[in-house]
2 protein chains.
Amino acid sequence: MRGRPVLYNDKHLIEKAQEIFWKKGYTATSLGDLLKVTGAGSGSFYNTFKGGKKEVFRKSILQRREAFNQFKKELRESESPLDLIKDFFRSIAQADKETHLKGCIIANSVVEMAHVDNDLELEAVNILKEVEQMFSDAIRKAQELQKINNHTDPQILGRYLITFWCGLNTLRRMYPDRETLLHQIEMQLAVIS
Amino acid sequence: MRGRPVLYNDKHLIEKAQEIFWKKGYTATSLGDLLKVTGAGSGSFYNTFKGGKKEVFRKSILQRREAFNQFKKELRESESPLDLIKDFFRSIAQADKETHLKGCIIANSVVEMAHVDNDLELEAVNILKEVEQMFSDAIRKAQELQKINNHTDPQILGRYLITFWCGLNTLRRMYPDRETLLHQIEMQLAVIS
DNA sequence: TTTATTTTGTATTAATCATTCCATAAATAG
DNA sequence: CTATTTATGGAATGATTAATACAAAATAAA
């Protein structure tokens with residue numbers, strides 16, 4: 001194939017873009033921010049992303065979706081997926097303050113996009129619904145194997161967990177503190193046991 | 001007092017500003033938006049708010065805090081404040097789609113402000129902590145009066161409710177639907193009974 | 001009625017925004 | 001070596017941003 005070789009492949013650009021979008025959100029991140037953090041000039045940037053800022057953001061959250069799919073794969077190979085999920089919630093308490101302040105880029109996007117961009121809002125909502133489905137499946141399995149005593153409809157409990165996830169996204173900013181968070185996480189997980 | 005009479009008092013400006021901030025958030029709301037929606041020119045605007053956009057936003061969420069204080073006053077005069085709080089949660093399910101998409105301006109602000117404006121972040125976090133305190137107080141009272149069976153530390157349960165509030169702020173955007181929300185709300189409230 | 005004081009509306013500024021354009025660089029095919 | 005193709009960096013564009021400057025308007029005090 002002819003032509004000058006690509007210096008900034010889209011994967012690298014998306015990774016760097018994701019970092020800054022995660023911190024500042026969609027609107028507050030300028031194209032200048034994106035160029036600075038990726039090291040690319042606007043020429044290269046628009047060469048790889050004809051859709052501009054919006055396209056990169058969409059691909060940023062889709063990349064996060066991939067990370068989530070990886071976790072889902074681990075769950076499928078696990079004996080007790082619900083325990084993995086619970087440990088994941090517990091691990092949140094161990095994060096550092098900077099990470100707490102960033103929160104979850106998907107949950108953040110649902111809040112930001114409502115009256116900013118409808119397509120991106122829907123994209124983020126759908127990812128959260130996939131996570132919810134993963135929660136429900138794990139709970140159903142645990143119920144079938146008699147591993148938990150709570151026999152509430154797994155759909156309700158899955159929604160309980162996704163609600164908790166989104167609530168935790170704010171709680172950790174209020175109390176970016178290991179002790180406090182771990183207490184609350186254990187309390188909420190105890191409902192599903 | 002001498003001088004041309006004020007045409008746009010600050011209370012009116014804040015009210016109108018709050019509406020648009022609530023919808024679009026801080027960053028996505030331009031000064032042009034604010035001028036259009038208030039009807040004021042930039043002269044009047046900066047005459048009443050030397051601090052510009054940031055000052056109006058701060059006063060917008062402080063005004064929301066006042067509305068919350070009003071509710072707190074009702075609670076103090078009530079026999080069973082926890083029941084009032086529960087009914088308040090239930091009433092969320094009855095809102096229309098537009099209202100669901102707006103969500104809670106304070107919870108929204110905590111998410112948006114983390115890496116945008118530290119002062120405003122703290123302001124919003126403090127308001128949420130006040131709400132949490134109100135939850136805890138109501139729960140303590142209900143426990144003392146033997147009105148509920150759950151005897152978990154009221155602080156933990158207060159944090160459970162504020163976490164739920166923030167989670168609901170996203171869940172209602174995922175499912176802006178009366179049935180779904182009411183189901184989830186009842187399930188979560190059942191924990192405190 | 002004149003003077004002092006304050007608000008208002010608009011024009012202006014200066015900065016930043018997202019995007020496009022284009023000459024140049026760097027590769028391959030012929 | 002030459003022609004062709006593609007990517008790059010940065011200048012240029014035009015829109016939008018937040019904020020200021022200032023003359024005109026509207027009032028009250030003197």
Counting heavy atoms from C-beta on, name the nucleotide in C:dT7, C:dA26, D:dA26 closest to the side chain of B:P5.
->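 Minimum distance to the B:P5 side chain belongs to D:dA26.
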Are any protein N/O atoms closer than 3.5 Å to N/O atoms in nucleotides 9-11 of chain C? If there are, list each pair with its distance.
| unit_1 | atom_1 | unit_2 | atom_2 | d |
| --- | --- | --- | --- | --- |
| C:dT10 | O4 | B:S42 | OG | 3.2 |
| C:dT10 | O4 | B:G43 | N | 3.2 |
| C:dA11 | N6 | B:S42 | OG | 3.3 |

Nucleotide [N], atom [atom2] - distance to [atom1] of [X] in whole Å:
{"X": "A:D117", "N": "C:dA18", "atom1": "CG", "atom2": "C1'", "value": "15 Å"}
{"X": "A:L34", "N": "D:dG10", "atom1": "CG", "atom2": "C1'", "value": "17 Å"}
{"X": "B:N47", "N": "D:dA23", "atom1": "CG", "atom2": "P", "value": "17 Å"}
{"X": "B:R2", "N": "C:dT5", "atom1": "CZ", "atom2": "P", "value": "5 Å"}
{"X": "A:F49", "N": "C:dT20", "atom1": "CZ", "atom2": "C1'", "value": "18 Å"}
{"X": "A:D10", "N": "D:dA7", "atom1": "CG", "atom2": "P", "value": "11 Å"}
{"X": "A:F45", "N": "C:dC21", "atom1": "CZ", "atom2": "C1'", "value": "17 Å"}
{"X": "B:L35", "N": "D:dT20", "atom1": "CG", "atom2": "C1'", "value": "13 Å"}

For B:E130, all residues meeting salt bridge (Lys or Arg N to Asp or Glu O under 4.0 Å), sequence neighbours excluded |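 Counting only residues at least two positions away or on another chain, B:E130 forms a salt bridge (Lys or Arg N to Asp or Glu O under 4.0 Å) with B:R65.
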Who are the side chain to side chain donor-acceptor pair (under 3.5 Å) partners of [X], not counting sequence neighbours?
{"X": "B:D33", "result": "B:K24, B:S30"}
{"X": "B:Y26", "result": "none"}
{"X": "B:Q63", "result": "none"}
{"X": "B:R4", "result": "none"}

Inter-end axis angle, the helix from C:dT1-D:dA30 to C:dG30-D:dC1, with every axis fitted to five base pairs (rounded, 10 degrees) |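 Both end axes considered, the difference amounts to 10°.
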What pairs of nitrogen or oxygen atoms, one from the protein and one from nucleotides 15-18 of chain D, lie under 3.5 Å apart?
| unit_1 | atom_1 | unit_2 | atom_2 | d |
| --- | --- | --- | --- | --- |
| D:dA18 | OP1 | B:L31 | N | 3.2 |
| D:dA18 | OP1 | B:K53 | NZ | 3.2 |
| D:dA18 | OP2 | B:L31 | N | 2.4 |

Residues B:E132, B:R159; criterion side chain to side chain contact (heavy atoms under 4.5 Å, CB included); working and verdict | CA-CA 6 Å; B:E132 176 198 319; B:R159 284 182 187 157; 3.1 Å; yes
By side-chain contact (heavy atoms from CB on, under 4.5 Å), which residues pair with B:A190, not counting sequence neighbours?
->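 Checked B:A190 against side-chain contact (heavy atoms from CB on, under 4.5 Å); zero matches.
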For A:F49, which residues count as a ring pair (Phe, Tyr, Trp, His ring centres under 6.0 Å) partner, sequence neighbours excluded?
->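 For A:F49, the residues satisfying ring pair (Phe, Tyr, Trp, His ring centres under 6.0 Å) (neighbours in sequence not counted) are A:F45.
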Any salt bridge (charged side-chain N to carboxylate O under 4.0 Å, His left out) involving residues 49-64 of chain B? Give me the pairs, sequence neighbours left out, ordered by first then second residue.
->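 Found B:K54-B:D117, B:K54-B:D119, B:E55-B:K59, B:R58-B:E123.
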5'-most by nearest nucleotide on DNA chain D - B:K50 or B:G3 |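 It is B:K50, whose closest nucleotide lies nearer the 5' terminus.
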Compute whether any side-chain donor of one residue and acceptor of the other, for B:S44 and B:N47, lie under 3.5 angstrom apart.
->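 B:S44 vs B:N47: no donor-acceptor pair found between side chains.
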Scan the side chains in residues 72-84 of chain A for donor-acceptor partners under 3.5 Å anywhere in the protein, sequence neighbours excluded, and list what turns up.
| unit_1 | atom_1 | unit_2 | atom_2 | d |
| --- | --- | --- | --- | --- |
| A:S78 | OG | A:S80 | N | 3.1 |
| A:S80 | OG | A:D83 | OD2 | 3.0 |

